[in-house]
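As a basis for the values below, the full set of heavy atoms in this structure was taken, side chains included, without hydrogen atoms, waters or symmetry mates. Labels below follow one simple rule: chain letters A, B, ... track the order of the sequence lines, proteins then strands, and each chain is numbered from 1.
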Amino acid sequence: MRTTIPIIVAFLSGLVLALAPFFREDNWFGGLKQELTEWLIIVGGFTLLLGVVSITRVNWTAVTRRKEGWGYKVLTLVAVFAMAIPSVLSPEWSTLFGRADGSIYDWLFVNLQSPMMATMFATLAFYIASAAYRAFRARSVEATILLITATLVMLWRVPMGEWILERLPGDIPYLLNTYIMGGANMAVQRGIIIGAALGAASMSLRIILGIERTYMGKG
Amino acid sequence: MAQTEPQSVFRLDRINALILVAVFSAAVLLYTKWAKEGKPLFLRKIPGLDAVEEAVGRATEMGRPVLFVPGIAELDEIETIAGVSILGRVAKIVAQYDTPLTVPVRYPLVLAAAQEVVEQSYIEAGKKDNYDRDTVKYVAGEQFAFTANVNGYMMRERPATNIYMGAFFAESLLLAETGNAAGSIQIAGTARPEQLPFFIAACDYTLMGEELYAASAYLSHEPIMTGGLKGQDFVKMIIVICILVGVALAIFGYGNWFIDSFTAS
Amino acid sequence: MGFWQKLEQMDRRWIYLMVAIAVIVPFIVPADLPISITPEAQMVFDAVEAVPDGSTVFVVFDYYPSTIAECEPMARTALRHFFRKNCKVITLSNIPLGGPSMAEAVSRSVAEEFGKEYGVDFVNLGYKYGYVAVMTGMGTSIESIFPTDNSGTPLSELPLMSKVTNYKDISFIFEVADNSTADYWVSIVNAQYGVPMVCGTTAVGAPKYYAFVAARQFLGLLGGMKGAAEYEILIGHKDDAVKGMGAQSLVHLLIIALVILGNLGYFLGGTGRREKLG
């Protein structure tokens, strides 16, 4: 019973949504699809609460047990609630509430969260440089081809590099765009995309039919 | 008053896609049936998955934990479901070896699913008492806050094995590079072509594209699961043949009708 | 340990320092670099130009604040391009964290340049959970998925939205994404509802989408900051992306130099020779 009902629900909803593109929308089947879609959005919204409960429980336990680094956990909890509580309160009570311009949420988002996220993303430049230095070795013929191609594409994607390439014989930027990006790259990407899409479709079918149940805790 | 012809409930203009769906489903079901009947189905070796057990064994010997990241996408992403399914298999091996496991997640629904899966794996391994509910923990909803937390964990706890299976984005290299710096054995799998080069550069084994979806079936060693894979391969063969026929017809100038039969109206 | 061996085992912190210098210097000493236009960026410009003046379009903010440097110049330029053509713009986002706020801030600031009015010339629908459900649901009714706009105003009170029911009323989609939502805009909205679209994405995501451009599912593609810079030049309004090209150029050249040095260390330091000898 614990798994039968979820499997039936997964089968029915999966079947409706999988068949929906083959039915017109202005009839009962289209209505059913739209109804399920709206349910999905509503149910999904509620699941966000699960995250708040988990993060609070895990961090609160660490604080009460004075685990190593518990001070940081206090900061995490303060940050979660400082951002969440004012954002869900009604802006009619105060302009500091809600998520509009001038609210606490907006101030924290614009001045703290957004720059921190951009900073983390920017660290990728450092990691990529370090990974390229260690991993890009001409160990074999294939690795050497990869290395030369990557170098040319990197040069082509920036103005200073283009300036260098234009001084070399042959129209290298055109060749790169046509044969590397629009040729070899595209062929490989298509192969991976088609394979991955079939894999995803097969997995979806296994889930809809209840063959694959690992995701619900059943082997 | 002129009467209009009643419109069909079906989208007849999409019959080509429906045929492909039907052929695909039939192939998967047929191979699954054959697998159930005990017909032997060959699966090629996937070295990354064969390495999972070895990597967990290494963690046990070193007395260090295993880190499993089931991607950073929501549960409605099929890659995440694949990641969670693989987690179930890995958790069972981990439970058998009594090795600590940590699973950081980014979405509440993934948290609920992953907790359920890991608990069940511990039960199946007969180690229910060893299961800790905080093995799977929600870390942060934001991509880089999540990454910072996982990277911090790697540098502090130095897990012996890091397994990344699911949908990954810009954080792929941040995670894999940090794991590399921490000296962990790393196995990754994703269907995102744009992230594959990063994993290949920084991990010991990488599952590419559909290998990720095949992983759960591969690790399960259950014939019924491999049926789906064979069905998928059969349809892939049909697609390859169609591509070759299309190319040949296009080269000789007879390709238009063939190509049009595959296009959406 | 010889020089080449030391070079091969260089501490990664030296590399970090070099990258930091390469990023900072071009902002202190800016250089006006000539930027060539790739065919894919030209296709984006041409596709937007071909949208009839005054049509209603979607500009989708499917990127996180972390990729603002690459993605925001694309969104900003797209808005300028559409407003210049007097198009009605509907913005939305499938990114919960920051997506709706960025759509609001960017669209309002660009609208101000063109004297456009909220609710009449542009609307921000904001965010709803579950992008596959959102994209599918809007095919039947946008209002059933977004009953209100980002600030809670019912769509029925916004004049622009009274003329818009579903994708049939949308002439064009300009997707700016740093993640896989672009794939779903193609497979759900373009393939099933036939709405023409273009995509702007990060440099790392762009190679994947060449296949979509070749199949005409995307009518053009902007890849990374370079793509954004090309689009800025095409509409004749140089902005942040063009300014960022100096730093990006220098870091690319640095990485190439590091790869060459790393290989020299590998071969001359002995590791390469040892590997070859087995």
Q.
Quick check for you: among Thr37(A), Thr123(A), Ile128(A), which has the greatest number of heavy-atom pairs under 4.5 Å with chain C?
A. Thr37(A)

Q) Taking Pro65(C), Ser249(C), Ala133(C), Ala105(C) one by one, which has the highest count of heavy-atom pairs under 4.5 Å against chain A? A) Ser249(C)

Q. Heavy-atom distance under 4.5 Å to chain A: side chain of Val134(C), backbone, both or neither?
A. both

Q. Which atoms of Phe212(C) come close to chain A, meaning under 4.5 Å heavy atom to heavy atom: side chain ones, backbone ones, both, or neither?
A. side chain

Q | Heavy-atom contact with chain A under 4.5 Å, split by part of Leu253(C) | A | side chain

Q | Portion of Glu104(C) that has a non-hydrogen atom of chain A nearer than 4.5 angstrom | A | neither

Q) What closest approach, in Å, do Asn177(A) and Glu40(C) show between heavy atoms, and which atom pair accounts for it? A) ND2-OE1, 3.5 Å

Q) So which heavy atom on Tyr133(A) is nearest to which on Leu258(C), and how close? A) CD1-O, 3.1 Å

Q.
Please identify, among Met116(A), Met120(A), Gln113(A), the residue contributing the most non-hydrogen atom pairs under 4.5 Å to chain C.
A. Gln113(A)

**Q.** Separation of Ile42(A) CD1 from Lys128(C) NZ (nearest 0.5 Å)
**A.** 9.5 Å

**Q.** Contact leader toward chain C among Pro115(A), Pro21(A), Ala20(A), where contacts are heavy-atom pairs under 4.5 Å
**A.** Pro21(A)

Q.
Using a 4.5 angstrom heavy-atom cutoff, name the option from Ile15(C), Asn263(C), Ile255(C) with the most pairs to chain A.
A. Asn263(C)

Q: Tell me, out of Glu25(A), Glu166(A), Met160(A), Arg137(A), who's got the most heavy-atom pairs with chain C below 4.5 Å.
A: Arg137(A)

Q. Backbone N or O of Met154(A) within a donor-acceptor pair of the His252(C) side chain at under 3.5 Å?
A. yes

(Q) On a heavy-atom basis, which atom in Ile68(C) and which in Ser114(A) lie closest, and how many Å separate them? (A) CD1-OG, 4.0 Å

Q: State, without any angle test, whether Glu38(A) and Ser144(C) hold a side-chain donor-acceptor pair at a distance under 3.5 Å.
A: yes

Q. Do you know which of Phe121(A), Trp39(A), Trp156(A) has the most heavy-atom pairs under 4.5 Å to chain C?
A. Phe121(A)

Q | Interface moiety of Ser151(C) toward chain A, non-hydrogen atoms closer than 4.5 Å | A | neither

Q: Examine whether an atom of Leu147(A) lies under 4.5 Å from a heavy atom of chain C, and if so say whether it belongs to the side chain, the backbone or both; otherwise answer neither.
A: side chain

Q) CZ of Arg13(C): more than 12 outside heavy atoms within 6.0 angstrom? A) no

**Q.** Contact class of Ala20(C) relative to chain A, heavy atoms under 4.5 angstrom
**A.** both

Q.
Is it the case that the side chain of Gln34(A) and the backbone of Gly137(C) share a donor-acceptor pair, with hydrogens and angles ignored and the cut-off at 3.5 Å?
A. yes

Q | Leu17(C), part contacting chain A, at a heavy-atom distance under 4.5 Å | A | neither

(Q) If we define contacts as heavy-atom pairs under 4.5 Å, which of Ser36(C), Ala214(C), Ala206(C) has the most with chain A? (A) Ser36(C)

Q.
Could you tell me if the side chain of Glu162(A) sits less than 4.5 Å from the side chain of Leu33(C), heavy atoms only?
A. no

Q.
Keeping Arg157(A) on the side-chain end and Gly223(C) on the backbone end, is there a donor-acceptor pair under 3.5 Å?
A. yes

Determine all donor-acceptor pairs shorter than 3.5 Å in which one atom belongs to a side chain in residues 180-195 of chain A; sequence neighbours excluded.
from	atom 1	to	atom 2	distance (Å)
Asn185(A)	OD1	Gln189(A)	NE2	3.1
Asn185(A)	ND2	Met181(A)	O	3.0
Asn185(A)	ND2	Pro207(C)	O	3.1

Q: Look at the rings of Tyr127(A) and Tyr16(C) and say which category their plane angle falls in: under 30° parallel, 30 to 60° tilted, over 60° perpendicular.
A: tilted

Q: Specify the closest pair of heavy atoms between Phe109(A) and Ser101(C), including all atoms of both residues, with the distance to one decimal.
A: CE2-CB, 4.3 Å

**Q.** Contact leader toward chain C among Ala118(A), Ala132(A), Pro91(A), where contacts are heavy-atom pairs under 4.5 Å
**A.** Ala118(A)

(Q) If I measure from the heavy atoms of chain A, does Thr38(C) come under 4.5 Å with its side chain, its backbone, both, or neither? (A) side chain

Q. With chain A, which of Tyr209(C), Tyr64(C), Trp14(C), Tyr193(C) has the greatest number of heavy-atom pairs at distances under 4.5 Å?
A. Tyr193(C)

Q) Does any heavy atom of chain C fall under 4.5 Å from the side chain of Ile164(A), the backbone, both, or neither of them? A) side chain

Q: Using salt bridge (Lys or Arg N to Asp or Glu O under 4.0 Å) as the criterion, list what pairs up with Asp183(C), not counting sequence neighbours.
A: Lys208(C)

Q: Look at Ile145(C), Val251(C), Val213(C) and state which one has the largest set of heavy-atom pairs under 4.5 Å with chain A.
A: Ile145(C)

Q) chain A heavy atoms under 4.5 Å from Tyr131(C): which part of the residue, side chain, backbone, both or neither? A) neither

Q.
Just so I understand: if I count every heavy-atom pair under 4.5 Å between each of Val132(C), Ile188(C), Asn166(C), Leu97(C) and chain A, which residue has the most?
A. Leu97(C)

